[in-house]
Amino acid sequence: MRPELAILVTFATVAHADTDIPRFKNIDVPKHVYDGEWEHFVGGGVAVFDCNGDSLQDFFVAGGSNLSQLFKNTSGEQVSFQAETPESLSLTGVTGAYPLDIDSDGIMDLAILRVGPDLLLQGQPDCQFSPFTELGFHAEDHWTTGFSATWESGQILPTLAFGTYVDRFDPEGPFETCGPTILYRPESGSYREPLYLEPGYCSLSILFSDWARTGRADLRVSNDRHYYVRGGQEQLWAMEPEPRQYTEVEGWLPFSIWGMGIASRDLTGDGFPEVYLTSMGDQKLQVFDPESGGPTWRDATYEKGTTAHRPHIGGDGRPSTGWHAQFGDVNNDGRDDIFVAKGNVEQMPDAALNDPNNLLLQNSDGHFVETAADAGVASMAKSRGAALADLNNDGQLDLVVVNRGSELEVSQNISPDRNWLLLDVAQDRPNRAAIGGFVEVKTSQGSQTRELTVGGGHAGGIAGFHHFGLGKEDKAKVRMIWPNGEKSEWREYPSNQIIRVRR
């Protein structure tokens, strides 16, 4: 082991004194492998959602050159799944998928990303799916690696954004041949012709977020410097009638990374979301600066201990490659933690080949410490997409990880019990899941604010119950700020239950 790695590991071990390290155990599930040639070096997402109305989270997982699969949840106290894939979901060329209720009928639909035409599939009872026939959505043949959605003011359908990667039809490629971000805006119940947000810089993750709390979600795009090479940067598009990029004059701080994934969560308690960006090399935690008056996030990576820039075990001292990132309270102490899926693109010699996943636990002082090995989730596979989700409704966040060239991994959280809430949020109108709204949960320990979004991560996302750890608190106050800014009354609930929050 290199000396600097020994220092890092020793530091992380000492820092455990302020954290309760969760424990996970591997669960046997049917075999699934995401694989393929260079077009599937990226992607490998998983969509987690309830497709049959039993209040348990099922999941649909990309296969690349292999067939995609649907796994139905058969959990009791023990997490378990069976593969049961309808013909409409048994597809090749799938890079990822995101669940959302496009038609607001109470049944989750799927936006499926592909090397080829993307698909919008309408959810039917009992986990069946069929193509939407009346939305006017027509996708071209792209290499799609990012997705996000939001409901713009007055619309009954969501605005959809698809992030494309390298233009594989360009004979001058692959370098400096990046595709655009493709925007589908609705009008009168169907989609207009797509709008191309250019320049595009080979996006691998995109996310609509109401970063300023104004009621309008703008579009963040994380781009892979490896292919745009020069002249590009991370992007934030103002979703005006004619979308435009924010500028330095407005407060946007330009920077370039090998961007792979986006995670967003308020960590400071000011109600504004921070972002965690995965990359080849360092991972970046950026804290929102509300004093700037604009879209300004300032780097806090080293200050908060979230670099995760080299493997924490295994002895490979080369830089790490981060993919999916997600915030979640894995030990239910009332503080959000960070999971990062890691893995070499394929055989890149300048990057670590033995590159374990990260589980960064947040201490009470806001610093993060590495615990993946002790928790049992430091997989050495070439991980890509992932999901932290409560798979058996016991109040503990479990883990699904998609690996390139090796089998899918599912891990059950078997940590000691601490208090929690699961919130099921819905409104009886378009945008049924209240995307763009904010949930606030308050205890004597402090407040947690959660923006409801679709997108981010790496090629996959989650729809369903919103999990909040409460630590030792046996009750919590809950308030919903709906997408139009309307605020519900604070209501107090006992811990350790599923709460139905209805407008």
Side-chain angles (χ1 to χ4, degrees), residues 1-10 12 24 26 31-46 62-66 95-96 145 165-166 174-175 202 204-205 222 224-227 257-261 276-284 301 306-326 338-360 370-386 399-409 411 457-459:
M1 180 180 289
R2 291 171 55 172
E4 64 266 35
L5 289 178
I7 292 171
L8 285 171
V9 172
T10 301
F24 289 82
N26 291 333
K31 181 177 179 180
H32 180 84
V33 176
Y34 178 81
D35 214 342
E37 297 301 321
W38 77 294
E39 292 168 323
H40 295 295
F41 285 1
V42 300
V46 56
S65 61
N66 296 326
T95 56
T145 46
Y165 199 46
V166 172
F175 299 104
C202 290
L204 282 173
S205 187
S222 191
D224 186 359
R225 184 176 180 179
H226 182 72
Y227 282 109
I257 58 174
W258 288 265
M260 310 290 197
Y276 191 79
L277 308 173
T278 57
S279 174
M280 185 183 299
D282 61 331
Q283 325 304 316
K284 298 182 75 69
T301 308
T306 60
T307 56
H309 59 297
R310 296 185 189 277
H312 53 91
I313 57 171
D316 193 331
R318 289 170 290 183
S320 285
T321 304
W323 297 92
H324 183 86
Q326 187 179 334
I338 307 171
F339 176 80
V340 184
K342 294 277 193 70
N344 196 290
V345 173
E346 186 64 7
Q347 295 289 331
M348 297 189 74
D350 293 334
L353 290 178
N354 297 317
D355 200 0
N357 297 334
N358 294 94
L359 184 61
L360 299 164
E370 176 55 56
T371 64
D374 290 340
V377 293
S379 173
M380 287 288 189
K382 294 175 184 173
S383 299
R384 293 296 190 263
L399 180 63
V400 181
V401 180
V402 185
N403 298 312
R404 172 172 163 74
S406 56
E407 291 189 34
L408 170 85
E409 296 173 295
S411 300
H458 183 73

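For the single chain, residues carry numbers from 1 onward in sequence order. Note that this is a predicted model, so its numbers are computed, not measured.
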* Can you measure from CG (Asp224) to CD1 (Ile257) and round to the nearest 0.5 angstrom? => 9.5 Å

* Any side-chain heavy atom of Asn358 sitting closer than 4.5 Å to one from Ile338? -> no

* Can you name the residues that form a ring-ring contact (aromatic ring centres under 6.0 Å, His included) with Phe339, not counting sequence neighbours? -> none

* To do: Heavy atoms only: give me the nearest Ala459-Gly44 pair and the separation to one decimal.
  => CB-N, 4.3 Å

* Asked: Backbone N or O of Val33 within a donor-acceptor pair of the Asn66 side chain at under 3.5 Å?
  -> yes

* Consider only side-chain N and O atoms of Ser379 and Glu409, and report whether a donor and an acceptor are under 3.5 Å apart. => yes

* Only one of Lys382, Glu407, His40, Arg384 forms a side chain to side chain donor-acceptor pair (under 3.5 Å) with Tyr34, so which one is it? -> His40

* **Donor + acceptor pair across side chains of Asn357, Ser383 (<3.5 Å)** => yes

* Asked: Taking only residues two or more places apart in sequence or in another chain, which ones pass ring-ring contact (aromatic ring centres under 6.0 Å, His included) with Phe41?
  -> none

* Which atoms form the tightest heavy-atom contact between Tyr227 and Val166, and what is the distance? -> CG-CG2, 3.6 Å

* For Gln326 and Ala386, work out which heavy atoms get closest and say how close. => OE1-O, 4.2 Å

* Asked: Do we see a donor-acceptor contact under 3.5 Å between the side chains of Asn344 and Thr321?
  -> no

* Asked: Can you find a side-chain donor-acceptor pair between Asp282 and Thr307 that sits under 3.5 Å?
  -> no

* Counterpart residues, ring-ring contact (aromatic ring centres under 6.0 Å, His included), relative to His324 (two or more places apart) -> none

* With side chains defined as the heavy atoms from C-beta onward, is the minimum distance between Tyr165 and Thr95 less than 4.5 Å? -> no

* Please round to the nearest 0.5 Å and tell me the distance separating atom CZ of Phe175 and atom NE2 of His226. => 4.0 Å

* Side chains of Met280 and Met348: closer than 4.5 Å at any heavy-atom pair? -> yes

* Structure fact -> Here the gap from Ser279 atom OG to Trp323 atom CH2, rounded to the nearest 0.5 Å, amounts to 10.5 Å

* **Intermediate values then yes/no, side chain to side chain contact (heavy atoms under 4.5 Å, CB included), Leu360 and Tyr276** => CA-CA 12 Å; Leu360 299 164; Tyr276 191 79; 3.8 Å; yes

* Structure fact -> So CD of Gln283 and CG of Leu277: to nearest 0.5 Å the spacing works out to 9.5 Å

* Mind listing the closest non-hydrogen atom pair of Ser411 and Asn26 along with its distance? => OG-OD1, 3.2 Å

* To do: For the pair Asp35 and Arg404, find out whether any cationic side-chain nitrogen is under 4.0 Å from an anionic carboxylate oxygen.
  => yes

* To do: Could you check Leu408 against Asn403 for side chain to side chain contact (heavy atoms under 4.5 Å, CB included), going step by step and ending with a plain yes or no?
  => CA-CA 6 Å; Leu408 170 85; Asn403 298 312; over 6 Å; no

* **Pro311 to Pro356 - nearest heavy-atom pair and separation** => CB-CD, 3.6 Å

* Structure fact -> One should read off an interatomic distance between Ser406 OG and Met380 CE, to the nearest 0.5 angstrom, of 13.0 Å

* Asked: Checking side chain to side chain contact (heavy atoms under 4.5 Å, CB included) for the pair Asp316/Leu353: CA distance, chi angles, key distance, verdict?
  -> CA-CA 7 Å; Asp316 193 331; Leu353 290 178; 4.1 Å; yes

* About how many Å separate SG of Cys202 and CZ of Arg225, when rounded to the nearest 0.5 Å? -> 13.5 Å

* Asked: Considering all heavy atoms of both residues, which atom of His458 and which atom of Val42 are nearest to each other, and what is their separation?
  -> NE2-C, 4.1 Å

